[in-house]
Amino acid sequence: MAEDSKNLLALLNGVAKRTYYNETEFTDEFLKSQIYPDIAEDDFQAIVSKFTGLIKSMVSADMDFNQLEAFLTSQIKKREGALTEDQANVLRRFWKSHKNKIHDSIISQTKWNNSLKQVSWRIDVKSQAKNIEQINEPTAIVELHISKPNTTKETDTVRFEMDEKKLAGVLQNMKDIEDEIAKYCQD
Amino acid sequence: MSLIKFHFSFLILGFSKTVELLNQLPESLLCEMCQEAVFSMRQNNCYTDLSKTEQRQSLMSVDEVKQMFDVGQLVDMQWKLGVGVSSDSCKNLNSPYVTMQVKVADPSGKLSTHTFEMTVMQFQDFSKQMKEMANVLETV
């Protein structure tokens, strides 16, 4: 891969890291010093600005690869500030590696409700030894670890038990949800 | 037999871990073990006079054991399936999610409500755990 393309790909990766993956150490100063140490500051800013804008458009539409082609073609045909074929190739390569990752990152960043961090469970058997009859009644004990949004440290622990009947009810709920997901989410 | 296990765990895990383990035992088994310990100490001429109160203090509070064992009851579980359509950073978000509301009654009867959201993948994992539980429950 030519030097220019290599540098551009590195720049795009850096921009993605700070914009979408929360890796804030990839500042402009850092990127310039690592990738384009010799060019003028203004030129560097122009490059960053242009390609950040292109990435933003691609991310906003969550472009599939057909849409990307149409987008790149229109960018190449522009009268001013047109994209070169090499730059278009870099964008294609970038999108192939980052499209899904960026989308997932945005989804988790827009989750502003509590999350379920962990589910633990055990099965107990209640036996009554001092009575005449020995009753073996199995119970499920569940522990849900629920975390508040935007904090990984604050967790609520909810503990409850369910008998077979209750658990059967929960399983029915699970099945209903699965049916609805299959109906509405045709990915 | 249970006393041997207690000695074993003490050796391997140390004191505080063993106490933690003992805390999870049902009351009846715990009493049995205490009685065994007293019996074996008396047999070996250990002049340690373990009265009932001392037993409780030196091992753990029986009340504590009871509290750990008396968990809340699941009263109700409600759910909602939603789809994130659009956001400021992505106009085509297209992200389904499951929101669940769980109502639990603690041993005193007090109700508490808990809500949380899951992605489809997280929900499927949750569902798998529930099914696993049911399988084990059936075989017990």
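Atom set for the values below is all heavy atoms of this structure, side chains included, hydrogens, waters and symmetry mates excluded. Chain A is the first sequence line, chain B the second, and so forth, proteins listed ahead of strands; every chain is numbered from 1. Every value quoted in this text rests on a predicted model; they were computed, and no experiment measured them.
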Visitor: What's the spacing between Ile106(A) CD1 and Cys90(B) SG if we round to 0.5 Å?
Guide: 5.0 Å
Visitor: Is the shortest heavy-atom distance from the side chain of Glu180(A) to the side chain of Trp79(B) under 4.5 Å?
Guide: yes
Visitor: Give the minimum heavy-atom separation between Met118(B) and Lys111(A), together with the two atoms involved.
Guide: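 That closest heavy-atom pairing would be CA-NZ, 4.2 Å.
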Visitor: Pick one of side chain, backbone, both or neither for Leu116(A), based on which atoms fall under 4.5 Å of a heavy atom in chain B.
Guide: both
Visitor: Quick check: closest heavy atoms across Asn113(A) and Glu117(B), and the distance to 0.1 Å?
Guide: ND2-OE1, 2.7 Å
Visitor: Quick check on the interface: out of Glu132(B), His114(B), Met133(B), Lys91(B), who has the most heavy-atom pairs with chain A under 4.5 Å?
Guide: Met133(B)
Visitor: Atom CG of Asp76(B) and atom NZ of Lys166(A): how far apart are they, to the nearest 0.5 Å?
Guide: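 Separation between the atoms: 8.5 Å.
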Visitor: With only heavy atoms counted, which part of Ile177(A) is less than 4.5 Å from chain B, the side chain, the backbone, both or neither?
Guide: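 Interface part for Ile177(A): both.
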Visitor: Minimum heavy-atom separation for Met174(A) to Phe126(B), with atom names?
Guide: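 Closest approach of Met174(A) to Phe126(B), heavy atoms only: CE-CE2, 3.6 Å.
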Visitor: Specify which of Ile102(A), Asp62(A), Ile146(A) makes the most heavy-atom pairs with chain B at under 4.5 Å.
Guide: Ile146(A)
Visitor: If you count heavy atoms of other groups shown closer than 6.0 angstrom to CG of Asp42(A), is the number above 12?
Guide: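 It does not: Asp42(A) CG has 12 such atoms or fewer within range.
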Visitor: Given Asp104(A) and Thr119(B), is the side-chain contact (heavy atoms from CB on, under 4.5 Å) satisfied, shown in steps?
Guide: CA-CA 10 Å; Asp104(A) 288 345; Thr119(B) 61; over 6 Å; no
Visitor: Is there a path of hydrophobic side-chain contacts, each under 4.5 Å between heavy atoms of I, L, V, M, F, W or Y residues, that connects Val59(A) with Val85(B)?
Guide: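 Looking at the clustering, Val85(B) is in a separate group from Val59(A).
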Visitor: With a 4.5 Å cut-off on heavy-atom pairs, point out which of Val98(B), Asp106(B), Leu93(B) contacts chain A the most.
Guide: Leu93(B)
Visitor: Taking C-beta and beyond as the side chain, do Ile107(A) and Tyr97(B) meet within less than 4.5 Å on heavy atoms?
Guide: no
Visitor: With rounding to the nearest 0.5 angstrom, report the CG to CE distance, Asn173(A) to Met77(B).
Guide: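 Rounded to the nearest 0.5 Å, the CG-CE separation comes out at 6.5 Å.
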Visitor: Select one option (side chain, backbone, both, neither) describing which atoms of Leu144(A) are under 4.5 Å from chain B's heavy atoms.
Guide: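 The answer is the side chain of Leu144(A).
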Visitor: Looking only at heavy atoms and a cut-off of under 4.5 Å, which of Val119(A), Asp163(A), Asp156(A) has the most pairs with chain B?
Guide: Val119(A)
Visitor: Do you know which two heavy atoms are closest between Leu171(A) and Ala134(B), and how far apart they sit?
Guide: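 Between these two residues, the closest heavy atoms are CD1-CB, 3.4 Å.
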Visitor: Which atoms of Thr139(A) are under 4.5 Å from chain B, going by heavy atoms: the side chain, the backbone, both sets, or neither?
Guide: backbone
Visitor: Among the options Met100(B), Gln124(B), Lys80(B), Gln129(B), pick out the one with the most heavy-atom pairs lying under 4.5 Å from chain A.
Guide: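 If we count pairs closer than 4.5 Å to chain A, Gln129(B) comes out on top.
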Visitor: Could you tell me the separation between the OG1 atom of Thr115(B) and the CG atom of Asn114(A), rounded to the nearest 0.5 Å?
Guide: 6.5 Å
Visitor: Does Glu178(A) pair with Lys131(B) as a salt bridge, N-O distance under 4.0 Å?
Guide: yes
Visitor: What's the separation between atom CE in Met63(A) and atom CG in Asn92(B), rounded to the nearest 0.5 Å?
Guide: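 So the CE of Met63(A) and the CG of Asn92(B) are separated by 9.5 Å.
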Visitor: Picking from Ile141(A), Val142(A), Val158(A), what satisfies side-chain contact (heavy atoms from CB on, under 4.5 Å) with Val71(B)?
Guide: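 One option only clears the test, and that one is Ile141(A).
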Visitor: Would you compute the distance between atom CG of Leu81(B) and atom CG of Asp176(A) and round it to the nearest 0.5 angstrom?
Guide: 11.5 Å
